Amino acid sequence: MKIASFNINGIKARAEALPAWLKAAEPDVVALQEIKSTDETFPHEIFDGLGYHIVTHGQKSFNGVALLSRFPLEDVVCGLPGDASDEQARWIEATVVGRRAVRICGLYLPNGNPAPGPKYDYKLAWMARMRARVSALLKTEEPLVFAGDYNVIPQEEDAAKPEAWATDALALPETRAAFRELLHLGLTDALRDRVPGPGHYTFWDYQAGAWQRNNGIRIDHLLLSPQAADLLTAVGIDKEVRGGDKPSDHVPIWIDLDA
DNA sequence: ATGGTTGGTTCCCAA
């Protein structure tokens with residue numbers, strides 16, 4: 001089962017690039033972030049003929065997440081549990097059954113800039129709430145995949161120019177500590193596990209020729225529960241997508257599970 | 001230290 005995460009930075013702007021990647025990469029399940037669309041205005045027609053079941057959790061203008069799957073999407077949960085007053089669409093869960101059942105959680109973790117400030121407070125509170133949700137799901141002992149844009153640069157080696165991010169919400173010590181707390185629950189960072197070391201980026205800013213200079217950062221992650229990590233057979237970043245026509249500023253990251 | 005670009009919306013904000 002090939003499972004991917006892709007922050008598309010606007011579903012309507014990616015009406016050509018996203019289907020083109022799906023045809024080439026043939027993922028079974030995809031977690032999309034930043035659809036920037038409501039459920040009502042989501043352009044389902046761009047996926048016609050590609051064979052995906054689709055669930056969306058959108059909002060107007062900003063954020064918004066979705067799951068695509070060649071298998072039916074079961075037991076869907078929209079919104080990160082733990083704060084009924086939170087109106088930002090950043091979390092969606094569903095179970096897919098291939099040869100085995102896997103629960104997929106798609107997430108768009110808050111950016112948090114500027115830090116310090118209320119946006120950074122929201123980021124840290126959201127990460128604490130995610131930790132509680134991960135803990136609850138781990139008790140099921142199901143294979144779990146947490147796929148998304150974490151807006152976290154976990155270590156210095158995950159940025160081409162780490163000094164440029166020293167005071168940024170994506171890299172502050174408190175951000176990295178909160179990310180490590182997730183890992184310490186028992187999750188495996190699939191890419192770090194299989195391809196340790198520097199130079200593996202998933203985001204290049206549109207500005208200042210970041211792509212041409214390979215000034216990238218690794219902020220899109222696939223974290224696996226122990227039962228999912230046992231099934232991991234491959235991991236990759238589809239870097240070439242960044243050089244295509246009308247690209248997102250993020251590229252897809254994917255894993256293959258023996259499931 | 002600053003600037004630079006894109007998307008969705010709107011008389012700029014978020015990233």
Side-chain angles (χ1 to χ4, degrees), chain A residues 5-21 31-46 56-66 80 86-91 106-127 130 147-154 158-172 174-176 178-179 201-221 237-253:
Chain A
S5 176
F6 191 3
N7 179 324
I8 53 172
N9 189 21
I11 185 72
K12 297 174 193 77
R14 236 51 70 199
E16 288 165 20
L18 177 57
W21 170 72
L32 297 176
Q33 302 88 39
E34 282 205 89
I35 62 172
K36 294 185 175 179
S37 154
T38 61
D39 296 336
E40 292 73 24
T41 57
F42 187 87
H44 286 263
E45 66 278 4
I46 71 173
T56 64
H57 178 46
Q59 69 179 88
K60 192 178 180 186
S61 306
F62 305 116
N63 309 319
V65 288
L80 179 61
D86 185 3
E87 295 182 346
Q88 298 192 31
R90 297 180 174 276
W91 181 271
L107 65 115
Y108 176 46
L109 205 147
N111 175 294
N113 281 302
K119 291 190 173 184
Y120 193 57
D121 295 341
Y122 175 70
K123 176 176 195 156
L124 294 177
W126 202 96
M127 294 180 83
M130 175 173 168
D149 176 0
Y150 283 70
N151 272 313
V152 174
I153 302 169
D158 296 313
K161 296 184 177 181
E163 66 281 2
W165 300 91
T167 62
D168 193 282
L170 278 59
L172 284 171
E174 219 175 339
T175 304
R176 289 179 170 167
F179 184 77
Y201 309 133
T202 65
F203 171 94
W204 293 261
D205 202 288
Y206 288 126
Q207 303 182 72
W211 168 246
Q212 289 75 10
R213 297 161 193 258
N214 195 27
N215 179 15
I217 52 177
R218 188 174 77 96
I219 57 174
D220 300 272
H221 308 296
I237 297 172
D238 288 348
K239 181 178 179 177
E240 72 285 350
V241 170
R242 187 63 178 80
D245 289 336
K246 220 170 179 298
S248 170
D249 42 6
H250 296 250
V251 297
I253 177 173

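Proteins come first, then strands; the chains are lettered A, B, ... in the order of their sequence lines, and each starts at number 1. What you see below is based on every heavy atom in this structure, not just the backbone, and it leaves out hydrogens, waters and symmetry mates. Keep in mind that what you see is a predicted model, and the values were worked out from it rather than measured.
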**Request:** Measure from the side chain of A:Lys60, starting at C-beta and using heavy atoms only, and say which of B:dG7, B:dA15, B:dT9 lies closest.
**Result:** B:dT9
**Single hit among A:Asn113, A:Ile153, A:Thr175, A:Asn151 for side chain to side chain contact (heavy atoms under 4.5 Å, CB included) with A:Asp168** = A:Asn113
**B:dA15 and B:dT9, which share atom name C1', separated by this distance in whole Å** = 15 Å
**Request:** State, without any angle test, whether A:Tyr201 and A:Asn214 hold a side-chain donor-acceptor pair at a distance under 3.5 Å.
**Result:** no
**Asked** The side chain of A:Phe62 lies closest to which of these nucleotides: B:dA14, B:dG8, B:dA15?
**Response** B:dA14
**Request:** Specify the separation, in whole Å, of atom CD of A:Gln207 and atom C1' of B:dT5.
**Result:** 5 Å
**Prompt:** Can you check whether A:Ile219 reaches A:Tyr150 side chain to side chain, under 4.5 Å on heavy atoms?
**Reply:** no
**Prompt:** Once you round it to whole Å, what is the distance between P of B:dT6 and CH2 of A:Trp204?
**Reply:** 17 Å
**Fill in**
Looking only at B:dG8, B:dG3, B:dA14, the nucleotide nearest the A:Lys119 side chain is B:dA14
**C1' spacing across the pair B:dA14 / B:dG4, given as an integer number of angstrom** = 15 Å
**Asked** Is there a side-chain polar atom (N or O) of A:Lys246 under 4.0 Å from OP1 or OP2 of B:dT6?
**Response** no
**Message:** What is the distance, to the nearest angstrom, from the CG atom on A:Asn63 to the P atom on B:dT9?
**Reply:** 12 Å
**Request:** Select base, sugar-phosphate, or nothing to describe what A:Tyr108 touches, counting heavy atoms under 4.0 Å on all strands.
**Result:** sugar-phosphate
**Fill in**
Comparing nearest nucleotides in DNA chain B, the 5'-proximal residue of the pair A:Tyr206, A:Ser61 is A:Tyr206
**Whole angstrom value for the distance that separates P of B:dA15 from CH2 of A:Trp211** = 23 Å
**Request:** Return the value, rounded to whole Å, for the distance between atom CG of A:Leu109 and atom P of B:dA14.
**Result:** 17 Å
**Message:** Set out, in order, the CA-CA distance, both residues' side-chain angles and the distance that settles side-chain contact (heavy atoms from CB on, under 4.5 Å) for A:Lys123 and A:Leu170, then state yes or no.
**Reply:** CA-CA 10 Å; A:Lys123 176 176 195 156; A:Leu170 278 59; 4.1 Å; yes
**Request:** Between B:dT10 and B:dT6, how far apart are the C1' atoms? Round to whole Å, please.
**Result:** 16 Å
**Asked** Rounded to whole angstroms, how far apart are NE2 on A:His250 and C1' on B:dA14?
**Response** 12 Å
**Request:** Could you state the atom-to-atom distance from CG of A:Asn7 to P of B:dA14 in whole Å?
**Result:** 17 Å
**Item:** Nucleotide B:dA15, atom P - distance to CD1 of A:Ile153 in whole Å
**Value:** 15 Å
**Complete:** Sorted by position of nearest nucleotide on DNA chain B, 5' first, the leading residue of A:Ile35 and A:Gly112 is A:Ile35
**Request:** Taking atom CD of A:Glu240 as the centre, report whether more than 12 heavy atoms of other residues, nucleotides or ligands fall under 6.0 Å from it.
**Result:** yes
